Structure formats: C-alpha cells, structure tokens
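Notes for the one structure printed next.
This is a predicted model, so every value here is computed, not measured. Both counts, for ligands and for their atoms, begin at 1 and track the order of listing.
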Amino acid sequence: MISVEQAQAHLFNLVDPLSSETVPLIHAAGRVLAKDVVAMRDQPPFAASSMDGYALKSAEVEQHAMFKVVGEAAAGHAYIGRVGPGQAVRIFTGAPVPEDTDFIVIQENTQQTGDVMTITEPPGDHDNIRPAGGDFSIGTTLSAPRILTPQDVALMASMNVPKVSVIRKPVVALISTGDELVMPGETPGPDQIIASNTFGLKAMLESKGAIARLLPIARDTVSSLRTAFAMAAGADLVITIGGASVGDHDLVGQVAGDLGMDRVFYKVAMRPGKPLMAGKLNGSAMVGLPGNPVSAMVCGYLFILPMIRAMQGLGSELQPLQQATLAADLDQNGPRQHYMRAVIENGAVTVFDNQDSSLLTVLAQANALLVRPPNDPKRAKGDLVSYLKL
Ligand code: AMP
Ligand code: MG
C-alpha cells in the first residue's frame, strides 16, 4: 500500500495540461485562461469627470466665484471648444474633461441662474477627474493561467476583448458498477439501491469546470464492464466506481487489465478509500474509485480534483490543510491516514461519532475532513489538528 501523498504524485503523472480553445467572452467565466490577455487600449481613454458638475480651471476655483457657462459635456458627447477665463462647462459623469479645464466643481456646491454659475459652497480640493488610463493602459495584462472570475470577465470586456483562449474542459467518463444499482428516479428491486456516487462526482467535477459524462451503470459482469469501458473511450479521464475491492464480483481491475490498463498503483493507506487503483488505459488516465459513497466522494476531493486542476494547466498544488483545535478527545489512529468527517465551528473541530464510509447524511453535514496521519497518537481536546475544508 502506498501513502496518500505517493498516490497523488502518481496521479499527477497520469495527466498533462490540455490544449486550448477560443470561446466568446460570454462563455469565459469559470474557464481557465490559457493565454495572457493584454490591453490594447487605455481606460478611461480620456480624462473623464467622475461627478456631475462644472468643469473649469482649478486656479479660478473659490467659493462665491461666478462663471459663464459656455457649453455642455455629457457621457458620449465631448465639449468641443475652448474654455476661457471666467468660463465653465456644464459636465456629467463619464464625459471627457474639456481642454483648458482641470477641475470639476460638483453641482451640489453650485447654483446656476441663466448662463451664470456661482460656486456657493466650499468646493474642496478634489478635482473629481479620472485620469486617462487610470484603470488600465495599453499593455496591462491579465495573466494566465487563472480561473476566470466574473470580475475578470468584466475587465476583459472593458479591454474590448470579445474572445478568449481557455483550456479545453477536461472530459471525465463516470462508470458506476454493480448489479445492485439503479438510477435515481427508477424503481429499485427489493435488493437494490440507488446509484449516488456518479451524481455526487459529476456535481463535484462540473463545479470545477470539467465535463462529466455519466455512462450507463455497468453490471458485475465482464461483458458489461467491457461495454462501459468502450463507451468511455475518448475521455481524458475514465473513472469507475465500485468493483475494485477483493470480492468475487469485483471485476474492474481484471477487466481493465485485460483491456490493457497500465496500472501504477492499487490500494492506498487511507480511510475511507483504500481500494483505489489508477493507471493509463488506451491513452486516457483511469482511476478506479471505491464504491462506498463517502469513500468515492472523499477520493474525489483528494485525488480527482487535483488531476482536473493539473489538466487545466493550474499545476500540481494540493489544497492546503488548515488548522483548528479539537472540540473533544480523539483515540489513537490506526495505520492508515484517516479523513474524518467533521464540522468546523468557531475555529473548533468536532468529528462525527459515526465514521462509516457509507453514510452520505454524515458527509452532507460535514464541512471539513479532519486529517489524521497514520498511527497518530491520542489527541486531547484543545490540541491543534489539521483539516481539509470541504
Ligand atoms: P463495491 O466496491 O462495488 O463492493 O461497493 C462497495 C459498496 O458501495 C457497496 O455497498 C455498493 O452497493 C456501494 N456502491 C457501489 N457503487 C455505488 C454507487 N455508484 N452509488 C452508491 N453506492 C454504491
Ligand atoms: Mg460492487
């Protein structure tokens, strides 16, 4: 059995960054930027008023001074012309600041009668002008790789970038295996249950920008598994769930092997999730996840999401562990690294009493996995421990 860290290192070796594609800006959010985006313009492209008011010369600004209003500048409508001494231009937010002027008196500090404007209140010393290029200028760079946020999309729009180069979405084929499984919505027989893992994993994967293809449930027969693998062809990553243990009906390893899988490991010293296998199958990465629902989901967080990030060109950094104090004593850990379902509240971590790897209700309540290294000794309430945020 290998350690979790060794398994993660092997899994990173099974995948490479994917190629890029061009998408319209409106479809860019959540995608991973593949190439730097460089601004080809300044924003704002001209000095612009940040307020509604009057544009004039700063040297002439003082309370009680009077000006002749000689024109108007609005957003999208510049004032073309000169502004002489004692003159002002009515101006609105976003309008170019007229030539000859370098100060905006806000309208709240003025009064206008006919074409005469008086500064009635202390005008302050803020010029209320956004300088040209004050937000960004030609050459300002949004660097790749990065997961594009709504803010990034707004910025690229402002840069007049209508299309972006992003990493192709990793395609993941998800295969549930088991005679006992039916799909949600179907009527299970008396000895059947509903397949849950593929749905949880699909949600997990798609929340991180992958495409998850849910394949029909494979039965515990060689021919059904072979069919499922054939249907998975072309995916960047093929994931099977269940059938990877040592039971008589656990055929995934055998069938994958017959199909030419180059296995890099089988079994990881962890709880939950020991019967994990991985390798390369017909050019795709292949991971066999354990069938127990909590094991499958925990392995998804620990192993599959990091592979997705690597395929997205985001490198091989793992989600960092965080620290919290224990809310109650913990017994010594066994020889496998234990990922205990837990709740973090106000900096304290409480593990659930029942850590059975089939309990999705417990996982659904958990917001963290307390990480206990192999053979971790007894821990007392108040001890600092590490956890992974879910
Ligand atoms: P296995 O590894 O195939 O022996 O499965 C271990 C346990 O997980 C069994 O109780 C299975 O019924 C259950 N299981 C396997 N696959 C799934 C699935 N896709 N959804 C829910 N439970 C599953
Ligand atoms: Mg099974």
Side-chain angles (χ1 to χ4, degrees), residues 1 7 172-207 210 212-229 231-232 235 237-259 261 263 265-279 281 286-305 336 338-339 341 354-366 369 390:
M1 261 192 296
V172 183
L174 293 172
I175 305 172
S176 270
T177 74
D179 288 351
E180 76 280 29
L181 301 174
V182 300
M183 292 294 248
E186 291 181 2
T187 306
D191 48 5
Q192 288 189 304
I193 60 168
I194 319 299
S196 57
N197 297 340
T198 32
F199 291 84
L201 289 165
K202 179 177 168 71
M204 183 189 289
L205 289 163
E206 295 195 338
S207 76
R213 283 166 44 197
L214 275 187
L215 298 187
I217 295 165
R219 299 304 160 194
D220 290 319
T221 64
V222 169
S223 67
S224 183
L225 282 168
R226 277 177 170 269
T227 305
F229 277 117
M231 292 176 78
L237 170 61
V238 178
I239 296 180
T240 59
I241 295 138
S245 211
V246 292
D248 291 350
H249 305 282
D250 293 328
L251 302 171
V252 168
Q254 180 200 316
V255 172
D258 291 348
L259 292 172
M261 172 164 116
R263 186 189 282 184
F265 67 79
Y266 174 51
K267 289 191 182 168
V268 179
M270 65 184 289
R271 278 168 76 195
K274 179 170 99 172
L276 189 81
M277 73 173 80
L281 180 60
M286 188 248 155
V287 178
L289 293 182
N292 272 310
V294 175
S295 313
M297 292 297 282
V298 168
C299 289
Y301 282 111
L302 288 174
F303 301 114
I304 306 300
L305 290 186
R336 292 188 271 148
H338 197 177
Y339 292 85
R341 278 66 80 198
N354 196 334
Q355 294 286 328
D356 188 281
S357 61
S358 66
L359 303 179
L360 282 175
T361 44
V362 171
L363 184 64
Q365 291 173 75
L369 296 171
L390 288 181

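The protein heavy-atom contact nearest to atom 20 (N) of ligand 1 is Ser196 N, 2.9 Å. In terms of protein heavy-atom proximity, atom 11 (C) of ligand 1 is closest to Glu180 OE2, 3.0 Å. At the top of the distance list for atom 17 (C) of ligand 1, counting protein heavy atoms only, stands Asn197 ND2, 3.3 Å.
Counting only heavy atoms from C-beta outward, the side chains of Leu174 and Asn197 never approach each other to under 4.5 Å. Between Asp179 and His249 there is no side-chain heavy-atom pair separated by less than 4.5 Å. When side chains are defined from C-beta on, Met183 does not count as touching Ile194, because their heavy atoms never get closer than 4.5 Å. When side chains are defined from C-beta on, Thr187 does not count as touching Gln192, because their heavy atoms never get closer than 4.5 Å.
When each atom of ligand 1 is checked for a heavy atom of Asn292 under 4.0 Å away, the hits are 6 (C), 7 (C), 8 (O). Near Gly243, with a cut-off below 4.0 Å to any heavy atom, the atoms of ligand 1 are 1 (P), 2 (O), 3 (O). Those atoms of ligand 1 that come under 4.0 Å of a heavy atom in Ser176, given as number and element, are 19 (N). Every atom of ligand 1 with a heavy atom of Ile193 under 4.0 Å away is listed here by number and element: 12 (O), 22 (N). Of all atoms in ligand 1, numbered sequentially from 1 with element shown, those under 4.0 Å from a heavy atom of Asp250 are 3 (O), 4 (O). Using a 4.0 Å cut-off to heavy atoms of Ala195, the atoms of ligand 1 that qualify are 20 (N).
Assignment of Pro290 to the shell around ligand 1 is not supported, since no heavy atom sits closer than 4.0 Å. At a 4.0 Å cut-off, not a single heavy atom of Gly247 sits close enough to ligand 1 to count as contact.
Under a 3.5 Å cut-off, the side chain of Arg271 and the backbone N or O of Ala269 do not form any donor-acceptor pair.
Exactly one of Ser245, Pro275, Ser357, Cys299 qualifies for a side chain to side chain contact (heavy atoms under 4.5 Å, CB included) with Asn292. That residue is Ser357.
Taking every heavy atom of both residues into account, Leu201 and Gly300 meet most closely at CD2-CA, 4.0 Å.
Relative to atom 14 (N) of ligand 1, the option among Gly291, Ser358, Gly200, Ser245 with the closest non-hydrogen atom is Gly291.
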Between Phe229 and Met261, is a side-chain contact (heavy atoms from CB on, under 4.5 Å) present by the stated rule, with each step listed? CA-CA 11 Å; Phe229 277 117; Met261 172 164 116; over 6 Å; no
